[in-house]
Amino acid sequence: MSIVSTIKPLVIKALKELYPGDPKSADSLPDRFREDDLTVSITKPEFEGDYTLVLFSFVKQLKKSPEQLGKEIGELLLKNNPELFTSYNVIKGFLNLVIADRYWLDFLQSNYSNRSPGVRPSVNKTIIVEYSSPNTNKPLHLGHLRNNFLGWSVAEILKVTGHKVIKTAIMNDRGIHICKSMVAWQRFGNGATPDSTGIKGDHFVGDYYVLFGTELKKEVETLMATGTTKDEAEKNAPLMQAAQKMLVDWENGDPEVRALWEKMNGWVYEGFNETYKKIGSDFDKNYFESSTYLMGKEIVEEGLAKNVFFKKEDGSVWIDLTSDGLDEKLVLRKDGTSVYITQDLGLADKKYEEFHYYQSFHVIADEQNYHMKVLKLILKKLQKPYADGIYHLSYGLVELPTGRMKTREGTVVDADEIIEELIKVAKDKTEELGKVKDFNPGELIELYDTIALGALKFFLLRVDPKKRMLFNPEESIDFHGFTGPFVQYTHARIKSILRKEIAGVSRQSAVGSSQPAVSSPLLPKEKELIVLLEQYESILGQALEEHNPSVVAIYAFNVAKVFNAFYTEHSVMSAESEEKKVLRLKLSELTANVIAASMALLGVKVPERM
RNA sequence: GGCCUCGUAGUACAAUGGAUAGUAUAAGAGCCUCCGAAGCUCCAGAUGCAGGUUCGAUUCCCGCCGAGGCUACCA
């Protein structure tokens, strides 16, 4: 039970007691005062108090001045709950409440050693989180990383709040883009392989995709020199013709093409798996477009039967969404082959068959907002029971100072490269500081990974997913301030104190089960920290509601920052008294646990030492 | 053209309609004989423009300006 959800009912009770209203009129209805209408928030530091009730919303209703209202409510709250509130003050329309130290100390006492704070009991609901979903013709880049970290983190937030989560990916493993790499390798590869060249599989294949582009450009230029238009040239260039033919051959099941396709996709998967392992992404189930792309045709039949879809003269099948403010949308081509949305319709159906999900999250970039809107709308019109549970977890693109990343223009930040770069920075910095000279090589490598990925994940998750974000290679790699390593450092720092205390004999008596004493009041920095730690549960609730890990990242940073300020001002080991020492040790332990728990939700490990 | 996002210090990010708009970086001034300086303290600096609703607007509504995306019988 959080402090805010404790205060709200008490305020409602006080309001009803103070202003029962005329029993005969409408203003005595039981829901005249509702918790949802209350605004209870943390008191601004420049005022006295811990939590503040905003009074303006009742002023008109009750026809009283805010000052008088605040006074009346404050008095009654104090009278009714002397153990919770110690005093109040009213400034303008704000009722500032001072919470008793006892409350905070009790909270500390019952939570300080909880290693998994915020975990909720099972609600027995299955939620699918579909994320990552790469094309198998090129390596992962920064945009994929944002997607992966988001999907993974949201899944984690759902898990601790009691949901059963199935993580899935859909591999976009077929199509013209795959054929381009294949054609290029056939023409220019001379039988080279990732093994023979020592290049990671996904990069190896990606190189041929890029090569296709550059070679195609040459052909196009040659054709254009003979007077062909650009569009014509691109269509008629021999390489493009070859890719198109390969796509047809692939669809017809040509054994040679299929064998080549499997070989090259195999290389890519090997590369992907290495990267996934490194960044900690995992999936309960992979779907492959090559085996799902024909699905959905049944749904098209179903839609025609239900008159949700209609057939045009040429045989193509459409849905009319103009009454919903959208366009007509094609769901089946005139040649009877399926389009993107057809596959997604089929896949949604299949997933529901398999998992009977309560909700299905699709972590997909906001470029596809329209597509996902249409998808959900079609499923609704088909009266699919799962349609309402479809949720597009839309996120903005990662941009560079030069603008959008484009593979063909070589302006992508490669996932493997940026990770390696960060590992190097972590290594240099760690060596420079020289605090872990006794680590063995294995421990060091693990630590560098922890710090590097901590920096990267934190950087990509600290921003509201919906928003576009900027990645500046020069400035974004930083281990100071609002960063993962800063939070990690704070954790390691606390652990260092706790280790020393364990080493000392006083550990048992100091951090034992005794209640923290109340003989001396909580000091401002102590209180600020404990009040913040108490908010963890509601932060988790907010992150869940908004499907937004950035809430957790910002919170973790604040905890670390407030702890560091507390730490600078007050000594833990040489506290003024034994009871203060006990209090601060518990406070430190709780801080470390909350930091570890929140960072875990982001997929960021926190080291004991760094 | 139509539809959808987004405009906050030099830069990057915050702010369920609430108090003097927070934080980080970069710039300036300090703090390691004392629990870890990847830290702390101080100092400066911002809501694109113009209206409206409200006791109160960064937030909601309208217009303009600017940025991005979608608007494929590509996926």
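A note on names: the letters A, B, ... follow the listed sequences, proteins ahead of strands, and every chain is numbered from 1. Side chains included, hydrogens not; waters and symmetry mates left out as well; all remaining heavy atoms used.
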Send over the distance from [X] [atom1] to [N] [atom2], rounded to a whole Å.
X: A:Phe310; N: B:C73; atom1: CZ; atom2: C1'; answer: 13 Å
X: A:Lys297; N: B:C73; atom1: NZ; atom2: C1'; answer: 13 Å
X: A:His371; N: B:G69; atom1: NE2; atom2: C1'; answer: 15 Å
X: A:Met469; N: B:G68; atom1: CE; atom2: P; answer: 19 Å
X: A:Phe458; N: B:A12; atom1: CZ; atom2: P; answer: 19 Å
X: A:Leu433; N: B:G39; atom1: CG; atom2: P; answer: 10 Å
X: A:Gln368; N: B:U5; atom1: CD; atom2: P; answer: 17 Å
X: A:Asp464; N: B:A14; atom1: CG; atom2: C1'; answer: 10 Å

Mind listing the residues from residues 326-339 of chain A sitting with a heavy atom below 4.0 Å of RNA chain B? Number order is fine.
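Residues of residues 326-339 of chain A that come under 4.0 Å of RNA chain B are, in numerical order, A:Asp327, A:Leu330, A:Arg333, A:Lys334, A:Val339.
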
Tell me, which of residues 239-246 of chain A have any heavy atom that sits under 4.0 Å from an atom in RNA chain B?
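Those residues whose heavy atoms fall under 4.0 Å from RNA chain B, taken from residues 239-246 of chain A, amount to none.
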
Ring-face cation contact, A:Trp318 with A:Lys329, 6.0 Å cut, 45° max
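No, A:Lys329 does not sit over the ring of A:Trp318.
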
Pi-cation contact, A:Tyr395 with A:Arg146 (under 6.0 Å, within 45°):
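Not flagged: A:Arg146 not positioned over aromatic ring of A:Tyr395.
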
For residues 455-471 of chain A, which residue pairs qualify under side-chain hydrogen bond (donor to acceptor under 3.5 Å, both in side chains), counting only residues two or more places apart or in two chains?
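Listed by first then second residue: nothing to list.
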
Using side-chain heavy atoms (C-beta onward) and a distance below 4.5 Å, is A:Leu532 in contact with A:Tyr555?
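Heavy-atom side-chain distance check passes, below 4.5 Å.
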
Is the shortest heavy-atom distance from the side chain of A:Glu608 to the side chain of A:Arg499 under 4.5 Å?
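The answer is yes, as the side chains (C-beta and beyond) meet within the 4.5 Å cut-off.
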
When rounded to the nearest Å, what value does the distance between [atom1] atoms of [N] and [M] take?
N: B:C60; M: B:U54; atom1: C1'; result: 10 Å
N: B:G56; M: B:U20; atom1: P; result: 14 Å
N: B:U5; M: B:G10; atom1: C1'; result: 26 Å
N: B:A57; M: B:U71; atom1: P; result: 40 Å
N: B:C73; M: B:G68; atom1: P; result: 25 Å
N: B:U53; M: B:C62; atom1: C1'; result: 11 Å
N: B:C31; M: B:A21; atom1: P; result: 32 Å
N: B:A44; M: B:U23; atom1: C1'; result: 16 Å

For [X], enumerate each residue passing the salt bridge (charged side-chain N to carboxylate O under 4.0 Å, His left out) test, keeping only those at least two apart in sequence or located in another chain.
X: A:Glu443; answer: none
X: A:Arg609; answer: A:Asp438
X: A:Lys373; answer: none

Whether the A:Ser181 and A:Asn137 side chains hold a donor-acceptor pair (N or O, under 3.5 Å, no angle test) is what I'd like checked.
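Result is no, nothing qualifies.
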
Quick one about A:Thr591 and A:Ser588 (side-chain donor to acceptor, distance below 3.5 Å, no hydrogens or angles considered), yes or no?
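Judged by distance alone, the side chains do not pair up.
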
Just confirming the chi classification of B:C40, syn or anti, using 90° around 0 as the syn window.
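Because its glycosidic torsion lies more than 90° from 0, B:C40 adopts the anti conformation.
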
Pick out which of A:Glu576, A:Glu589, A:Glu579 makes a salt bridge (Lys or Arg N to Asp or Glu O under 4.0 Å) with A:Arg584.
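Of all the options given, the one that passes is A:Glu576.
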
Give a yes/no answer on whether the side chain of A:Ser496 brings an N or O atom under 4.0 Å of OP1 or OP2 in B:G36.
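For B:G36, OP1 or OP2 has a side-chain N or O of A:Ser496 closer than 4.0 Å.
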
Using a 4.0 Å heavy-atom cut-off across all strands, classify [X] as base, sugar-phosphate, or nothing.
X: A:Val572; answer: base
X: A:His491; answer: nothing
X: A:Ile451; answer: base
X: A:Gln542; answer: nothing
X: A:Ala365; answer: nothing

Between the base of B:C70 and the side chain of A:Asp366, is there a donor and acceptor pair under 3.5 angstrom?
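Such a pair does not exist between side chain and base.
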
Give every residue pair that meets the salt bridge (Lys or Arg N to Asp or Glu O under 4.0 Å) criterion with at least one member in residues 485-497 of chain A, sequence neighbours excluded.
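The answer is none; no pair qualifies.
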
Can you pull the salt bridge (Lys or Arg N to Asp or Glu O under 4.0 Å) pairs that have at least one residue in residues 314-326 of chain A, sequence neighbours excluded?
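Qualifying pairs, neighbours excluded: A:Asp324-A:Lys381.
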
Within 6.0 Å of NZ in A:Lys71, more than 12 heavy atoms from elsewhere
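Counting neighbours around NZ of A:Lys71, 12 or fewer heavy atoms of other residues, nucleotides or ligands fall under 6.0 Å, so no.
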
Can you tell me if NZ on A:Lys605 sees more than 12 non-hydrogen neighbours from other groups inside 6.0 Å?
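Result for NZ/A:Lys605: open.
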
So, for A:Met405 and A:Val398, which heavy atoms are closest and what is the spacing to 0.1 Å?
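Closest approach of A:Met405 to A:Val398: CE-O, 3.6 Å.
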
Do the side chains of A:Asp249 and A:Lys245 get close enough for a salt bridge, i.e. N-O under 4.0 angstrom?
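Salt bridge: yes.
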
A:Lys92 with A:Glu67: basic N within carboxylate O range, under 4.0 Å:
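No salt bridge links A:Lys92 with A:Glu67.
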
What's the closest nucleotide to the side chain of [X] if the choices are [options]?
X: A:Trp318; options: B:G69, B:C73, B:A38; result: B:C73
X: A:Ser316; options: B:G36, B:A38, B:C73; result: B:C73
X: A:Ile497; options: B:G36, B:G68, B:A12; result: B:G36
X: A:Tyr370; options: B:C6, B:U71, B:C13; result: B:U71
X: A:Lys467; options: B:C35, B:A38, B:C6; result: B:C6
X: A:Phe486; options: B:C40, B:C73, B:A75; result: B:C40
X: A:Arg468; options: B:A38, B:C40, B:U5; result: B:U5

Only distances under 3.5 Å count here; give the side-chain donor-acceptor pairs of residues 537-546 of chain A to other protein atoms, sequence neighbours excluded, each with its distance to 0.1 Å.
unit_1, atom_1, unit_2, atom_2, d
A:Ser538, OG, A:Gln535, O, 3.1
A:Gln542, NE2, A:Glu546, OE2, 3.1

Listing time: all N or O pairs from protein to nucleotides 54-61 of chain B that are below 3.5 Å?
unit_1, atom_1, unit_2, atom_2, d
B:C55, OP1, A:Lys60, NZ, 3.3

Secondary-structure stems for RNA chain B, with pairs counted as Watson-Crick or G-U when both distances are under 3.5 Å and runs at least 3 long:
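Stems for RNA chain B, defined as runs of 3 or more consecutive pairs: B:1-7 with B:65-71, B:10-13 with B:22-25, B:28-31 with B:39-42.
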
Output one letter per nucleotide in nucleotides 19-28 of chain B: B when a protein non-hydrogen atom lies under 4.0 Å from the base, S when only the sugar-phosphate is that close, - when neither is.
BS--SSS---

